[in-house]
A.B. asks: 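Pasting a structure here, questions to come.
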Amino acid sequence: MRNEKLKILFDQQAANYDKQWAGMAPIRDALYLLLDSHFTCLPENARILCVGVGTGAELAHLAERFPNWHFSAVDPSGAMLDVCRQRAVQNGFLSRCHFHEGYLDTLVAEASYDAATCFLVSQFLLDVNARTTFFTEIARRLKPYGILANADLASDIGSPAYEMLLRGWMTLMSSDGLQPEILERARAAYAKDVAILPAQQVAGLIKAAGFEAPVQFFQAGLMHGWFCTLQIDLI
Ligand SMILES: C[S@@+](CC[C@H](N)C(=O)[O-])C[C@H]1O[C@@H](n2cnc3c(N)ncnc32)[C@H](O)[C@@H]1O
């Protein structure tokens, strides 16, 4: 039911999604710049799994940067995936993409990917066990020594630091100044619909899914990024 609601929400947002988040481009660009530095070790013809690819921003970045890589774009929202497909057509990398509309557990489970990206997705799994299972599903599809790059909103929401970070984050997102009701709405939504956990806890959930200890390589406001390698004795 919750999954269904989330899918409907992203289906509704798809057409306007890139415009809505355009102001966050400098943060996304910095995340991708650092992502590149951790992905340059991948093979010339790497296969990349993009989980919760949305409208395809990270896929498009990697496709442009690494012209021989192939991608599987996975997302339960058909509308988000449609925007991603259009982007692939417009930017000339459609032939290097496979699109899978659905959740990861419906994608064939072969250890065939050199790396995976999962940006701003796992935060929607409110149950910590489900979140670890989700990371396990990614691990099952990676080759030995495969790399996962994950990004999520993270913070200790009971801490004074969270209040400051949330205020700054919402200011960034509010083009005409931060109104108190916007802050309140965001605080309530983040407490109810998004699992914002302390960064160390998110790293712990990823590790519990069979990865080496995740390395936090990025933070901008509430957004954190980790990379990690598949733990080899699990294979
Ligand atoms: C906030 S958007 C992020 C999209 C893209 N990764 C980005 O950074 O721009 C989250 C995306 O994850 C998808 N999603 C939500 N829950 C998911 C799940 N359990 N598995 C895979 N994708 C999911 C949504 O449909 C949506 O397209």
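Just so you know, ligand 1 is whichever comes first in the structure, and atom 1 is the first atom listed for that ligand.
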A.B. asks: According to side chain to side chain contact (heavy atoms under 4.5 Å, CB included), who are the partners of Ala57, at least two apart in sequence or on a separate chain?
C.D. replies: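 Per chain and number, Ala57 pairs via side chain to side chain contact (heavy atoms under 4.5 Å, CB included) with Arg28, Tyr32, Arg87.
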
A.B. asks: Please report the closest heavy-atom contact between Leu142 and Ala111, naming both atoms and the distance.
C.D. replies: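 Reported closest heavy-atom pair: O-CB, 3.3 Å.
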
A.B. asks: Once you measure the plane-to-plane angle for Phe71 and Trp69, does it fall in the parallel (<30°), tilted (30-60°) or perpendicular (>60°) bin?
C.D. replies: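 Rings of Phe71 and Trp69: tilted, as their planes differ by 30° to 60°.
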
A.B. asks: Any idea which residues sit under 4.0 Å from ligand 1, heavy-atom distances?
C.D. replies: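 Within the 4.0 Å shell of ligand 1, which is judged on heavy atoms, sit Leu6, Phe10, Tyr17, Gly52, Val53, Gly54, Glu58, Asp75, Pro76, Ser77, Met80, Tyr103, Phe119, Leu120, Val121, Phe124, Phe134.
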
A.B. asks: Leu125: what forms a side chain to side chain contact (heavy atoms under 4.5 Å, CB included) with it, not counting sequence neighbours?
C.D. replies: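 Residues passing side chain to side chain contact (heavy atoms under 4.5 Å, CB included) with Leu125: Arg131, Phe134.
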
A.B. asks: Taking NZ, NE, NH1 and NH2 as the nitrogens, is one of them in Glu163 or Arg187 under 4.0 Å from a carboxylate oxygen of the other?
C.D. replies: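 The answer is yes: the pair qualifies as a salt bridge.
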
A.B. asks: Taking only residues two or more places apart in sequence, or in another chain, which ones meet Trp169 in a ring-ring contact (aromatic ring centres under 6.0 Å, His included)?
C.D. replies: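 With neighbours one apart ignored, the set is empty.
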
